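Predicted model, so just to flag it, every value in this text is computed and none were measured. A note on names: the letters A, B, ... follow the listed sequences, proteins ahead of strands, and every chain is numbered from 1.
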Number of protein chains: 2
Amino acid sequence: MSSYVEENYLKAIYKLTERNKDGAYTNDIAYELNVKPATVTESIKKLGEKGVIHYEKYKAVTLTEAGKLIAIKTIRKHRLWEVFLVEKLGFKWDEIHPMAEELEHINFEELTERLANFLGNPEFDPHGDPIPDKDGVFSNNKSVKLTSLALNTTVVMTGIENHTPSFLQHLDKLGLKLGVQVTLKEIVDFDKSVLVSVNGKKGFYLSHDIANNILCK
Amino acid sequence: MSSYVEENYLKAIYKLTERNKDGAYTNDIAYELNVKPATVTESIKKLGEKGVIHYEKYKAVTLTEAGKLIAIKTIRKHRLWEVFLVEKLGFKWDEIHPMAEELEHINFEELTERLANFLGNPEFDPHGDPIPDKDGVFSNNKSVKLTSLALNTTVVMTGIENHTPSFLQHLDKLGLKLGVQVTLKEIVDFDKSVLVSVNGKKGFYLSHDIANNILCK
DNA sequence: TATAATATTTAGGTTTGCCTAAATGTATTT
DNA sequence: AAATACATTTAGGCAAACCTAAATATTATA
């Protein structure tokens, strides 16, 4: 199995396992990777034989330590390239994902580490997601959802939980970028939408769906 | 055919056609790409159908305009990444080829052009090879071989015609890098080796083979 | 020009990563 | 607990990109 394909499977399984500790299901992996479930069955069987995942027929799969490390290293590469694309090449945060999706599969450890160094060993990518170190260790940074705050709390926006271009572009329009100060002014009982004030300016309403995808600290 | 494979075939054909205007031969393409001639036959048939090369049974193949453009754009990407690896990440000129060989296949025009801009739109890569512009045009820069100079000529080293790490490392050891002043002091009749002085310092001998791979202006 | 040497192509195979359709297993609901 | 719904796997296929061995063209040489 090419490292390109393998890394994508492991990344998908990693992501799904974060959401559901039992492991990743065939159908969900198929959805993540835009392939059919039958293809996934075939692939995860091979990945199991290779020792990067735990595979048992009809069970959710989980990553072995080896598999987890590959997944995390792929995430590291992805996020470092995203920093490069934004900080050095001036791309916007909603434009970079497809490019990073390719660049993450360039496997030269020396390249990755020199890139990290060139970028100042960033700890977060342009979306606020943490960048694991070269041994695969994440700094534990406990952000919470904007929807979980108590009224009249002021926090700093640190991340997001949805990376679609349309969501990112909408945040731009609202002036909601990483680092801004957000104060929760009101929680509307009817639909759980929230009134927020950004950097002390006049407030505006955010739907619960939007607020729920914003992380802060 | 994946763009990865296609670009490598077109690049190989481009290179071979530079050497031999008749076109590229099956065997030579196979050697360049480390595949068997039978595989090349199969592939060039497909590339012919696709319209990127002119293919006729038993004849040397040449690039169509479309194919030539793809080849040159691949070369552009390769050389821009090489500049990045040396200028920004601090790699040495003998280390970068394998990485650039992968990075060249990342196809996002906006990425390439922003990268070029970030690097200051360089005209030459770290080996002195010209970087075509985004429309595939090379600036014509007529360097000549060190072996073609008349005695006592002083020139600037501008490029090389061999990119193997061992050759590059040897040049490093001799202090022969792009931009140095080289004076041709002697041509040994016996073996055509040459005595050169670099930046006005004490001279040393270079075999004809080495001198013949050094370009200057 | 016939023969030998070399280059190219054809024929038939393999592996990888995908597919559809059918079969089978697991989970949920009545 | 049986029936139904849903998830997963199996079986059989396909295209891409590689391979080896054999056949056929071309080119060079005697």
Parallel, tilted or perpendicular: rings of His163(A) and His127(A) (30°, 60°) = perpendicular
Using atom NE2 of His105(A) as one end and atom P of dG17(C) as the other, report the distance to the nearest whole Å.
-> 13 Å
Sequence neighbours left out, what pairs pass salt bridge (Lys or Arg N to Asp or Glu O under 4.0 Å) with at least one residue falling in residues 33-55 of chain A?
-> Glu6(A)-Lys50(A)
Below 4.0 Å: OP1/OP2 of dA17(D) and any side-chain N or O of Ser2(B) | yes
Between Leu33(A) (CG) and dC18(C) (P), how many Å, whole number?
-> 8 Å
Residue-level proximity of residues 7-23 of chain A to DNA chain C when a heavy atom falls under 4.0 Å | Tyr9(A)
Salt-bridge test for Glu113(B) and Lys134(B): reply yes if a basic N is under 4.0 Å from a carboxylate O, no otherwise.
-> no
Which parts of nucleotides 2-11 of chain C does protein reach within less than 4.0 Å, heavy atoms only, written one letter per nucleotide 5' to 3' as B for base, S for sugar-phosphate only and - for none?
-> -----SSBB-
Between dA15(D) atom P and Lys50(B) atom NZ, what is the distance in whole Å?
-> 17 Å
Salt bridge check: are Arg76(A) and Glu104(A) linked by an N-O gap of less than 4.0 Å?
-> no
Give me the ring orientation class for Phe118(B) and Phe84(A): parallel if the planes are under 30° apart, tilted from 30 to 60°, perpendicular past 60°.
-> perpendicular
Short N-O contact, Lys73(A) and Glu7(A), less than 4.0 angstrom | no
Let me know the distance between OH of Tyr4(A) and P of dT15(C), rounded to the nearest Å.
-> 25 Å
Modelled atom types, side-chain donor and acceptor of Ser139(A) and Asn141(A), under 3.5 Å = no
Lys145(B) and Glu161(B) ion-paired at < 4.0 Å | yes
